[in-house]
Amino acid sequence: LIFFGYPLLSKEQSYSVSNTYYSIVDQKDSKSIDIYFNDQIANPSNYIELLNFLRYYSGEKYIRIILNTPGGDFFAGAQIIDAIKLAKVSTVAEVNILAASMGGMFLLSTNFMDIPENSLIMFHTISRAGGGEVLPYIKKLFQDVFLSMAKGFLTAEEIDAIFNKQGQVWISGKEAIKRACRVNKLFGTKEYVKVTCAKAKTWSEEQGLTLPASSMAGISQGVTINDN
């Protein structure tokens, strides 16, 4: 059976789809279907099958989006973000070294975040859209999309630096883990989330920040997925 170009699998099967822009890997023994972004985000027309897959897959697995990308086209990225948000199953973003620009926004769009300490995340304002001039209403659209996801993960000072000073905000993996706790999105086993977010709670108190009470409750859906 074929589903938007991808085979529907039985539990005994596995498959891999790869092209210049992304790869989809579904191993039969894995709890997730993995989508890899290892290059720049290109023209929107290159992602139509991926968009349909994200929107309509409703199997037993969750979707893991593995990021090692410098970013790319806003129009294509915004479509992918919308599809991630419309996914019928849980979504997890894993930073595999670098999630910059649009890659950072992909991280913010998923239900949960899997962030190694040896990784980097970067955010900045829009610099190009569709290869052309960034018009004011496109800048406003970008800002609306960005702020709908970034509040809580980024500080007010960082958001100001991005939009009012045209700056870049770089966040280490170690720092990003604390922030994932702060927004209730850290992915991992129950014990990992408990220990890590307890440390993040101490850090937040030192910084004068407040973690939501539910951060200490286990992030039920996320940890259940990967709780061996």
Distance from [X] atom [atom1] to [Y] atom [atom2], nearest 0.5 Å?
| X | Y | atom1 | atom2 | answer |
| --- | --- | --- | --- | --- |
| Asn38 | Asn68 | CG | CG | 5.5 Å |
| Ile63 | Ile65 | CD1 | CD1 | 6.5 Å |
| Tyr192 | Leu186 | OH | CG | 5.0 Å |
| Lys178 | Arg182 | NZ | CZ | 10.5 Å |
| Asn164 | Thr125 | CG | OG1 | 9.5 Å |
| Met102 | Gln40 | CE | CD | 12.0 Å |

| In chain order, what residues pass the ring pair (Phe, Tyr, Trp, His ring centres under 6.0 Å) check against Phe146, with sequence neighbours excluded? |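 Ring pair (Phe, Tyr, Trp, His ring centres under 6.0 Å) list for Phe146, sorted by chain: Phe123, Phe142, Phe163.
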To check you understand the geometry: which heavy-atom pair defines the closest contact between [X] and [Y], and what is its length?
| X | Y | result |
| --- | --- | --- |
| Ala76 | Asp73 | N-OD2, 2.8 Å |
| Glu49 | Tyr22 | CB-OH, 4.1 Å |
| Leu108 | Lys185 | O-NZ, 2.9 Å |
| Ile171 | Phe153 | CD1-CE2, 4.1 Å |
| Leu67 | Gly103 | CD1-O, 3.4 Å |
| Ala176 | Ile121 | CB-CD1, 3.5 Å |

N/O donor-acceptor pair under 3.5 Å between [X] side chain and [Y] backbone:
| X | Y | value |
| --- | --- | --- |
| Asn111 | Thr91 | yes |
| Thr110 | Leu107 | yes |
| Tyr47 | Ala42 | yes |

| request: Could I get the full list of side chain to side chain donor-acceptor pair (under 3.5 Å) partners for Ser45, not counting sequence neighbours? | output: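 Asn43.
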| said: Checking Ser32 now: which residues fulfil side chain to side chain donor-acceptor pair (under 3.5 Å) with it, not counting sequence neighbours? | reply: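 For Ser32, the residues satisfying side chain to side chain donor-acceptor pair (under 3.5 Å) (neighbours in sequence not counted) are Ser30, Asp34.
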According to a 4.5 Å side-chain heavy-atom criterion applied to Ile, Leu, Val, Met, Phe, Trp and Tyr, with indirect links allowed, do [X] and [Y] form part of one hydrophobic cluster?
| X | Y | result |
| --- | --- | --- |
| Leu147 | Val169 | yes |
| Ile24 | Ile48 | no |
| Ile41 | Ile126 | yes |

| query | Which residue pairs satisfy the side-chain hydrogen bond (donor to acceptor under 3.5 Å, both in side chains) criterion with at least one member in residues 93-103, sequence neighbours excluded? | reply | Arg64-Glu94, Ser101-His124
| task | Not counting sequence neighbours, list each pair that qualifies as a side-chain hydrogen bond (donor to acceptor under 3.5 Å, both in side chains) and has a residue in residues 143-154. | result | Lys140-Asp144
| task | Please lay out, stage by stage, how Tyr57 and Tyr62 fare under the test ring pair (Phe, Tyr, Trp, His ring centres under 6.0 Å). | result | CA-CA 9 Å; Tyr57 172 75; Tyr62 68 95; over 10 Å; no
| field | Qualifying salt bridge (charged side-chain N to carboxylate O under 4.0 Å, His left out) pairs with a residue from residues 152-171, counting only residues at least two apart or across chains | value | Glu158-Arg179, Asp160-Lys165
| task | Indicate yes or no: at least one non-hydrogen side-chain atom of Met113 is less than 4.5 angstrom from one of Val92. | result | no
| task | Kindly state whether the ring of Phe37 and the ring of Phe106 have centres lying under 6.0 angstrom apart. | result | yes
Show the atom names and distances, to 0.1 Å, of all donor-acceptor pairs under 3.5 Å that link a side chain in residues 79-87 to residues at least two apart or in another chain.
none

| request: Please identify each residue that fulfils salt bridge (charged side-chain N to carboxylate O under 4.0 Å, His left out) with Asp39, with sequence neighbours left out. | output: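 Asp39 satisfies salt bridge (charged side-chain N to carboxylate O under 4.0 Å, His left out) with no other residue.
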| query | side chain to side chain contact (heavy atoms under 4.5 Å, CB included) with Ala100: which residues, sequence neighbours excluded? | reply | Leu98, Met122
| Who pairs with Pro116 by side chain to side chain contact (heavy atoms under 4.5 Å, CB included), at least two apart in sequence or on another chain? | Val95, Asn118, Ser119
| request: Kindly determine whether Phe74 and Leu141 satisfy side-chain contact (heavy atoms from CB on, under 4.5 Å), including the steps that lead there. | output: CA-CA 10 Å; Phe74 168 62; Leu141 174 61; 4.0 Å; yes
| said: Using the rule given for side-chain contact (heavy atoms from CB on, under 4.5 Å), can you reason through Ile35 versus Leu50, listing the C-alpha separation, both sets of side-chain angles and the distance that settles it, and then say yes or no? | reply: CA-CA 9 Å; Ile35 300 174; Leu50 174 64; 3.8 Å; yes
| request: Could you give me the CA-CA distance, side-chain angles and deciding distance for Val145 and Met105, then say whether side-chain contact (heavy atoms from CB on, under 4.5 Å) is met? | output: CA-CA 9 Å; Val145 173; Met105 292 178 69; 3.7 Å; yes
